[in-house]
**Q** 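First the structure, then my questions, so here it is.
Below, read A as the first sequence line, B as the second, and so on, with proteins coming before strands; counting in each chain starts at 1.
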Amino acid sequence: MPELPEVESVARQLRPRLVNRRITSVWTDPQSRFVDVQAATGARVAGLRRRGKYLLAGLTAAEAPRRELVMHLGMTGAFRFRDGDWTPDAYVRATLTLDDGVLDFRDVRRFGRLTVVPAGDYSTIATLAQMGPEPLGPDFRPTDFHAALRRSRMPVKAQLLSQRPVAGVGNIYADEALWLSGIHPRARRVGPQRAARLWGAIRQVLQAAIEREGTTFRDYQMVNGQSGRNATFLIAYGQQGRPCPRCSTALRKTDVGGRGTTYCPRCQRA
DNA sequence: AGATCGGCCTGGACGC
DNA sequence: TGCGTCCAGGCCGATC
């Protein structure tokens, strides 16, 4: 489940090997969620950045308007270069041939997406178009965050997963941040003080996870094939039945907005 | 227009 | 052993 720290780790490994390369040909699996990726053929990759859980590669080509290759890893997406230890793989859904190598997009469950759009035009990608501020950037401020949470009556966890109040938080880090800030995932009203605590908790759990190159719970792998090291540091996500480190109450698993949710029934308050 | 819910997709865990 | 069922969940689109 690649969320912001996982996608950031992928971006850091992908960037030096993709930027300034020319894409000489493109292959995509017709059964997967790919749109206009052929339009990347012949272009040069001018830059690679992360926005929430998306990777955005700027593309330049002679006699053509600027475009962007938008990449989302879905649940099981991973990029791998065909290096020395490469072997054929039935789960490769797309291949970008570069002027100096071959980059595969492997995705067992086909939730990943690759799309080429006019540069900056995300109108066909609603989640990206409506995405909230980067949680580790200067535009993410406690007061604005509180105001954003007040604009909806959905449970706070569902709001986080919507990507609108803040970018890049998924199921793992939502559970972690809500535990850290002592807020019940089903809370529908979060006051300014609790919003500020959640603001800080989101930044804290994401920053720590980036430093450990993400959480590998099942499938997530970096471009070099390695796993992230954050899984053993999780306090809430997937830890149902274990004692809460704050109050020793057994963590409970429930369902919020159709997503598995683990929380402390005693010290996370609605 | 916002909220809700089912569908997508596959492998793995589990029960009988 | 083998089969069936359920679960994981980011995002999208249909529907209310």
**Q** Please work out whether the ring planes of A:His72 and A:Tyr54 are parallel, tilted or perpendicular, with thresholds of 30° and 60°.
**A**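 It falls in the perpendicular class, over 60°.
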**Q** What's the closest nucleotide to the A:Arg259 side chain, out of C:dC11, B:dT4, C:dC12?
**A**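 My answer, after comparing the listed nucleotides, is C:dC11.
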**Q** Distance only, no hydrogens: is a donor on one side chain within 3.5 Å (strictly under) of an acceptor on the other, for A:Tyr220 and A:Glu3?
**A**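 Side-chain D/A pair, A:Tyr220 to A:Glu3: absent.
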**Q** Does a side-chain N or O from A:Lys253 land closer than 4.0 Å to OP1 or OP2 of C:dA8, or not?
**A**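 Answer is yes, contact under 4.0 Å.
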**Q** Contact class for A:Arg33 vs. all strands (heavy atom < 4.0 Å): base, sugar-phosphate, or nothing?
**A**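 Touches a base.
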**Q** Assess A:Arg203 against A:Phe140: is NZ or CZ under 6.0 Å from the centre of the six-membered ring, and within 45 degrees of the ring's axis?
**A**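 No, A:Arg203 and A:Phe140 do not form such a contact.
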**Q** Within the pair A:Ser152 and B:dG2, is there a side-chain N or O less than 4.0 Å away from OP1 or OP2?
**A**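 For A:Ser152, the contact criterion (side-chain N or O under 4.0 Å from OP1 or OP2 of B:dG2) is not met.
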**Q** Find which nucleotide of DNA chain C each of A:Gly258 and A:Ala126 is nearest to by heavy atoms, and output the residue with the more 5' nucleotide.
**A**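 Counting from the 5' end, the first nearest nucleotide belongs to A:Gly258.
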**Q** Under the 3.5 Å rule, do the base of B:dA3 and the side chain of A:Arg153 count as making a donor-acceptor pair?
**A**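 A donor-acceptor contact between them is absent.
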**Q** Separation of A:Leu73 atom CG from C:dG10 atom P, in whole Å?
**A**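 Value for this atom pair: 12 Å.
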**Q** Could you see if A:Leu161 belongs to whatever hydrophobic cluster contains A:Val256? Use Ile, Leu, Val, Met, Phe, Trp, Tyr and a side-chain cutoff under 4.5 Å.
**A**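 Shared cluster, no.
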**Q** Please tell me which of the listed nucleotides, B:dT10, B:dC8, C:dC11, lies nearest to the side chain of A:Tyr91?
**A**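 Given the options B:dT10, B:dC8, C:dC11, the side chain of A:Tyr91 is closest to B:dT10.
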**Q** Without decimals, in angstroms, what is the distance between A:Asp255 CG and C:dC6 P?
**A**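 So the CG-P distance, A:Asp255 to C:dC6, works out to 15 Å.
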**Q** For A:Met154 and B:dT4, give me the distance from atom CE to atom C1', rounded to whole Å.
**A**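 Checked: the CE to C1' distance equals 10 Å.
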**Q** Can A:Arg164 and A:Ser152 be counted as having a side-chain donor-acceptor contact under 3.5 angstrom?
**A**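 Result is no, nothing qualifies.
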**Q** Starting from P on C:dC11, measure out to CG on A:Leu55 and report it in whole angstrom.
**A**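 Result: 12 Å.
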**Q** Would you mind reading off the distance between A:Gln159 atom CD and C:dC11 atom C1', rounded to a whole angstrom?
**A**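 The answer, rounded to whole Å, is 17 Å.
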**Q** Can a side chain N or O of A:Arg110 be found less than 4.0 Å away from OP1 or OP2 on B:dT10?
**A**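 Looking at the OP1 and OP2 atoms of B:dT10, one of them is under 4.0 Å from a side-chain N or O of A:Arg110.
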**Q** May I have the distance from A:Arg51 (atom CZ) to C:dG10 (atom P), rounded to whole angstrom?
**A**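 Interatomic distance, CZ of A:Arg51 to P of C:dG10: 17 Å.
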**Q** Take atom CD of A:Glu3 and atom P of C:dG10, then tell me their distance rounded to the nearest Å.
**A**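 These atoms are roughly 6 Å apart.
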**Q** Within this structure, what is the NZ-to-P distance between A:Lys157 and B:dT4, rounded to whole angstrom?
**A**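 My rounded result for the distance is 15 Å.
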**Q** Specify the residue among A:Tyr54 and A:Asn171 whose closest nucleotide of DNA chain C lies further upstream toward the 5′ end.
**A**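 Result of the comparison: A:Asn171.
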**Q** Using a heavy-atom cut-off of under 4.0 Å over every strand shown, decide if A:Gly257 touches base, sugar-phosphate, or nothing.
**A**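 No contact.
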**Q** Looking at the side chain of A:Lys53, which of C:dC11, B:dA3, B:dT10 is the nearest nucleotide?
**A**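 From the listed options, C:dC11 comes nearest.
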